[in-house]
Each structure stands twice: as C-alpha cells, then as structure tokens.
Amino acid sequence: GHFQPPRDAEGGGITRVFGFFAVGLHGVVQHEATLSLHRATLEDGGIGQVLAAQVQVHLLQQALQVDIAGFVDDQAQGAALTVFAEVHDTFGECFVLQSGHGNQEMMRQVDGGRIGRHSLILRAFMKAVFDNGLVWFRRDLRAHDHAALYHALRSCRQVWCVFVFDQEILDALPRSDRRVDFIHASVQELDGLLRDLAPPASNGQAGLIVLHGAARAAIPALAEALGVQAVFANHDDEPQALLRDAEVQATLQAQGCTWHSFKDHCIFERDELLTQGGTAFSVFTPYKNAWLRKVDAFYLSSYPVQRHTQALAARPVAYRQETPSLQALGFTPSNLASLKIPTGASGGEALFAEFFERMDRYHEARDFPAVKGPSYLGVHLRFGTVSIRQLASVAYQRMLQGDAGASTWLSELIWRDFYFQILAHHPHVVHSSFKPAYDAIQWESGPGADALLQAWCEGRTGYPLVDA
C-alpha cells in the first residue's frame with residue numbers, strides 16, 4: 001500500500017494504509033500510477049496475483065507502540081509513495097519501495113536506519129525465510145557492504161559461505177599469475193574476517209568453505225550436502241559467468257534449492273540507465289550525464305552486513321580444511337609482492353585511506369608517471385575487496401563540494417559502470433571489437449613486429465612516453 005506524503009495544510013497526518021500482498025518469491029508490487037516498475041524489483045521471481053486490503057494505521061500504531069504519522073519519503077522530490085508488500089508467506093518479509101529505486105536497494109536503507117524512527121515498523125515484519133543458506137563469493141572478496149551476504153544473513157537462520165577456485169578458469173592461466181596470488185591472499189583474509197564476524201556459538205569455525213574444482217558442479221553438490229534451501233551470489237555479467245550461473249541455477253532448482261543474485265559490482269547495471277530511445281548507451285558523455293542525474297545518496301548507501309552476522313554458522317567438520325596453498329592449486333608465487341600492492345579488504349582500505357588525502361590533486365597528478373597520482377585500487381575493484389558504493393559515495397560528496405580531483409576520479413568510476421553496460425548489452429566485446437569494422441585492421445606480424453613490440457616494452461622507441 002502507500003503512505004501519502006503530507007500536503008502543506010495536512011500536517012503530515014496519515015489515516016490509512018492500503019496493503020498489497022504479492023504472491024511469488026521476491027515479487028514486489030508497486031502502484032503503477034506513481035511508481036515506475038524497476039528492474040531490480042523483479043529479480044529472481046515474478047509478480048503474482050495481487051490482493052488488496054485496507055488496514056487502519058492506528059491499529060498498526062497500537063500494535064507496535066510507535067508513531068508513524070511522519071512516515072514520508074525523505075528524498076528531495078518528496079513525491080514518491082511508499083509501498084508495503086508482504087511477499088509470499090514462505091518469504092515473510094516486508095518490502096518498502098521508492099520511485100526509481102528497486103527493492104534490493106530500499107531494504108538496505110530501511111535496515112541502515114535512514115528511514116529513521118519509522119524503521120521499527122518495517123523491521124517488525126522481517127523474519128528469516130530459510131533454515132539454511134549458502135553465499136557464493138566470486139569477484140566480491142570482502143565481508144562488508146556485500147549485497148548477497150547481507151540478503152542471505154537477513155533471510156536465513158544459518159548461513160555458510162563458500163569460494164571455489166574454479167578449475168575451468170584456472171587451468172587456462174600461466175602457472176605463475178599475479179591475479180591468482182591476489183585472489184589467494186584475499187580469500188585467506190576473507191576467511192578470517194568471516195570467523196571474526198560470526199557469533200561466539202560458532203567457536204571460531206564459521207569462516208569460508210574453500211573448494212578447488214569446477215564451480216558449476218561444486219556449488220550444487222555443496223548446496224545438496226549442506227541441505228541449504230537457497231544459494232546467494234552477486235551478479236557477474238561476463239558471458240562465460242552468465243552461462244555458468246544459468247547452469248548452476250538450473251541444477252539447484254532441480255534439487256529444490258532456490259537461486260538469488262544481486263547487483264553489487266557497480267552503481268548502475270544492465271538496463272538501469274538507458275537512452276531516451278530505450279537502448280544502451282554507446283557514447284560515454286551522455287551516459288555520464290544520465291548517471292549523474294540519477295544517482296543520489298540512496299544508490300550509494302551501504303548494506304549493513306554487521307547487523308545480521310549472528311546467522312553465520314560454524315562449518316560442518318567435513319568442510320573445515322584450511323585454504324589450499326598455491327602449490328596445491330598448481331601455481332607458484334608470482335612477483336606480486338614486489339609491486340607493493342596490499343591484498344584483501346584490509347589492503348583496499350589502506351590504499352583508499354592513503355588516496356583520500358591526495359584525491360583533490362588526482363586530476364593533475366594522474367598525468368605524470370613519476371608522480372604518485374592514481375589510486376592503485378584497480379585490482380581491488382576487479383575482485384571486490386573494496387565496495388564501489390563506498391568509493392563512489394566519497395567521490396560524489398567531494399565533487400558536490402567543488403573538489404576537482406574527486407570529480408575527475410568519479411568520472412573514472414562512471415567509466416567503469418559504462419563499460420559494464422557495454423559488456424551486458426554487447427557481449428561480443430569480450431573477443432572482438434565493439435565496432436566490427438575494427439576487426440578488419442591488418443596488424444603487423446613477424447620478426448620485425450616482434451622486435452618493435454619488445455622495444456616498446458623496454459622503453460627503446462625513441463619517444464619519451466608512449467600511451468598505449
């Protein structure tokens with residue numbers, strides 16, 4: 001149902017709630033006359049048949065002993081209606097939505113307290129849906145501000161966490177690979193973070209289940225062995241990952257286990273920003289302008305994972321092995337340490353804290369290789385050891401205060417979202433040019449071309465700087 005925002009002469013009083021109850025897991029109903037149907041509200045399930053009922057607000061007030069008279073949208077426009085939707089009696093969760101914001105984002109606002117004193121009303125409806133759930137970590141190796149982990153902890157009485165060193169990815173890599181080094185160290189740190197977050201009842205055995213095998217088979221097998229009713233993961237829009245996830249989802253469903261995936265790796269994804277013609281952007285500047293028009297503090301807020309960590313459960317004895325060594329995975333250490341890029345969530349946090357102090361000079365310093373200009377957070381964004389929401393939020397707030405360096409750095413983060421949209425809508429870019437005509441370029445080859453390439457690699461081109 002919806003709470004009407006107060007008109008000037010009405011003093012903010014609300015006399016009636018219209019409740020809409022939607023049938024279907026993760027289905028959410030919005031009042032179509034005032035709230036546009038958002039892609040995120042349709043994640044993992046459809047909207048079923050809608051029944052309507054009228055409920056007097058004073059009865060809710062009496063039951064919860066709270067004042068709800070001022071419950072209105074605190075966005076600047078103030079015109080959105082707020083919607084309650086009780087979704088599927090097995091899910092048992094109350095959703096609140098705003099115009100232009102999906103259910104996934106709205107629930108972290110409720111839980112994070114941004115609704116203020118009225119959040120108690122909403123939390124009164126929240127309850128665990130599943131007895132057991134599994135969070136599958138992939139390119140999101142942190143335990144804070146993590147969409148899938150947050151939703152699992154709120155939806156399940158017990159939650160286990162898993163990471164798979166996927167042989168289908170690793171087998172094609174060189175045996176000494178800095179990416180594998182970075183992931184391995186970050187997984188070890190994540191294991192410790194999850195143990196620290198878990199309740200005392202876990203006896204330090206919560207942690208991360210770490211497997212080595214083909215993820216498409218390992219995840220369903222683990223879900224079945226643990227007896228979980230739901231698997232949670234964050235979106236990965238790379239073509240091979242989408243195929244893998246579709247296969248995992250189908251296998252899980254055949255086992256009677258549900259699949260839930262969430263946006264986590266960017267601010268806007270897939271179809272969230274489109275041209276006026278309803279197509280994906282192909283030019284950055286219009287995309288950036290649309291991004292800046294749509295973004296607000298709501299999209300940049302974090303998921304309060306720490307509020308729900310009591311659901312982290314001790315791993316069964318059969319899954320308490322330590323993280324396999326690099327050697328056990330078939331790799332040897334690389335030269336990652338010599339690059340002095342710290343790993344894991346702690347490494348990302350340290351780099352961002354250091355960059356924060358010089359962010360205001362980024363727009364100038366980044367152009368000089370001899371100057372410490374960039375953030376060095378690229379690999380941390382790639383593997384999710386930092387939260388894009390936290391980084392973009394800081395940059396956005398500083399941009400609003402007139403910080404030129406922060407404005408330029410935010411543009412780089414927006415470029416990242418732009419390229420994710422390109423990937424989602426044009427997956428051929430993984431193996432070929434965005435514009436097919438460029439695939440016809442005739443590149444030099446042979447010993448002479450190899451010598452020129454080597455000269456470039458060694459800085460012997462005769463030019464002081466070559467920007468590749």
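In this chain, residues are counted from 1 in sequence order.
Partners of Glu458 under the side chain to side chain donor-acceptor pair (under 3.5 Å) rule, at least two apart in sequence or in another chain, are Gln454, Arg460. Every residue two or more places apart in sequence or in another chain was checked for a salt bridge (Lys or Arg N to Asp or Glu O under 4.0 Å) with Arg244, and none qualifies. Applying the side-chain contact (heavy atoms from CB on, under 4.5 Å) criterion to Leu243, with sequence neighbours excluded, gives Gln240. Under the salt bridge (Lys or Arg N to Asp or Glu O under 4.0 Å) criterion, Arg157 pairs with Asp131, not counting sequence neighbours. Under the side chain to side chain donor-acceptor pair (under 3.5 Å) criterion, Ser334 pairs with Asp181, sequence neighbours left out. The side-chain contact (heavy atoms from CB on, under 4.5 Å) search around Asp245 returns Trp136, Arg138, Trp259, not counting sequence neighbours. Shown here are the side chain to side chain donor-acceptor pair (under 3.5 Å) partners of Asp360, two or more places apart in sequence or in another chain: there are none. Annotation: salt bridge (Lys or Arg N to Asp or Glu O under 4.0 Å) contacts of Asp417 (sequence neighbours excluded): none.
Nearest approach of Asp271 to Leu274, heavy atoms of both residues: O-CG, 3.5 Å. Among all heavy-atom pairs drawn from Cys161 and Leu194, the shortest one is CB-CD1, 3.8 Å.
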Atom pairs and distances, donor-acceptor, side-chain atoms in residues 343-353, under 3.5 Å, two or more places apart:
| unit_1 | atom_1 | unit_2 | atom_2 | d |
| --- | --- | --- | --- | --- |
| Ser346 | OG | Glu189 | OE1 | 2.8 |
| Ser346 | OG | Glu189 | OE2 | 3.3 |

Donor-acceptor pairs under 3.5 angstrom involving side-chain atoms of residues 369-385: please list them, not counting sequence neighbours.
| unit_1 | atom_1 | unit_2 | atom_2 | d |
| --- | --- | --- | --- | --- |
| Lys372 | NZ | Glu354 | OE2 | 3.4 |
| Ser375 | OG | Leu377 | N | 3.2 |
| His380 | ND1 | Thr385 | OG1 | 2.6 |
| His380 | NE2 | Pro342 | O | 2.8 |
| Thr385 | OG1 | His380 | O | 3.3 |

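The cationic group of Arg398 lies under 6.0 Å from the six-membered ring centre of Phe356 and within 45° of the ring axis, placing it in a cation-pi geometry.
Each of Phe418, Trp291, Phe420, Phe281 was scored for a ring-ring contact (aromatic ring centres under 6.0 Å, His included) with Phe268, with one residue passing: Trp291.
Applying the side-chain hydrogen bond (donor to acceptor under 3.5 Å, both in side chains) definition to pairs two or more places apart or across chains, those involving residues 160-176 are Glu168-Arg216. Among residues at least two apart or in separate chains, side-chain hydrogen bond (donor to acceptor under 3.5 Å, both in side chains) pairs with a member in residues 436-448 are Ser433-Asp439.
The main-chain N or O of Ala206 is found under 3.5 Å from a side-chain atom of Arg315 such that the two form a donor-acceptor pair. Side chain of His146 to backbone of Leu149: a donor-acceptor contact under 3.5 angstrom is found.
Atom CD1 in Ile422 sits 4.5 Å away from atom CZ in Phe434 (nearest 0.5 Å). Taken from CZ in Arg179 to CG in Leu336, the straight-line distance is 12.0 Å, to the nearest 0.5 Å. The line from NE2 of His265 to NZ of Lys263 is 13.5 Å long, rounded to the nearest 0.5 Å. In this structure, CG on Leu190 lies 8.5 Å from CG on Asp140, to the nearest 0.5 angstrom. For the atom pair CG (Leu211) and CD1 (Ile219), the distance works out to 6.5 Å, reported to the nearest 0.5 Å. Between the CG atom in Leu339 and the CZ atom in Phe182 there is a gap of 11.5 Å [rounded to 0.5 Å].
Crowding of Gln276 atom CD: a count of heavy atoms from other residues, nucleotides or ligands under 6.0 Å not exceeding 12.
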### Query
Can Arg142 and Asp264 be said to form a salt bridge (charged side-chain N to carboxylate O under 4.0 Å, His left out), step by step?
CA-CA 12 Å; Arg142 65 185 187 279; Asp264 186 78; 2.8 Å; yes
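Judged purely by distance below 3.5 Å, without hydrogens or angles, the side chains of Glu269 and His235 pair a donor atom with an acceptor atom. Checked by atom type, the side-chain pair Thr258/His260 shows a donor-acceptor distance below 3.5 Å.
Considering only heavy atoms from C-beta on, Trp415 stays 4.5 Å or farther from Tyr287 through its side chain.
Checked against the 6.0 Å centroid criterion, the rings of Phe262 and His151 qualify as a close aromatic pair.
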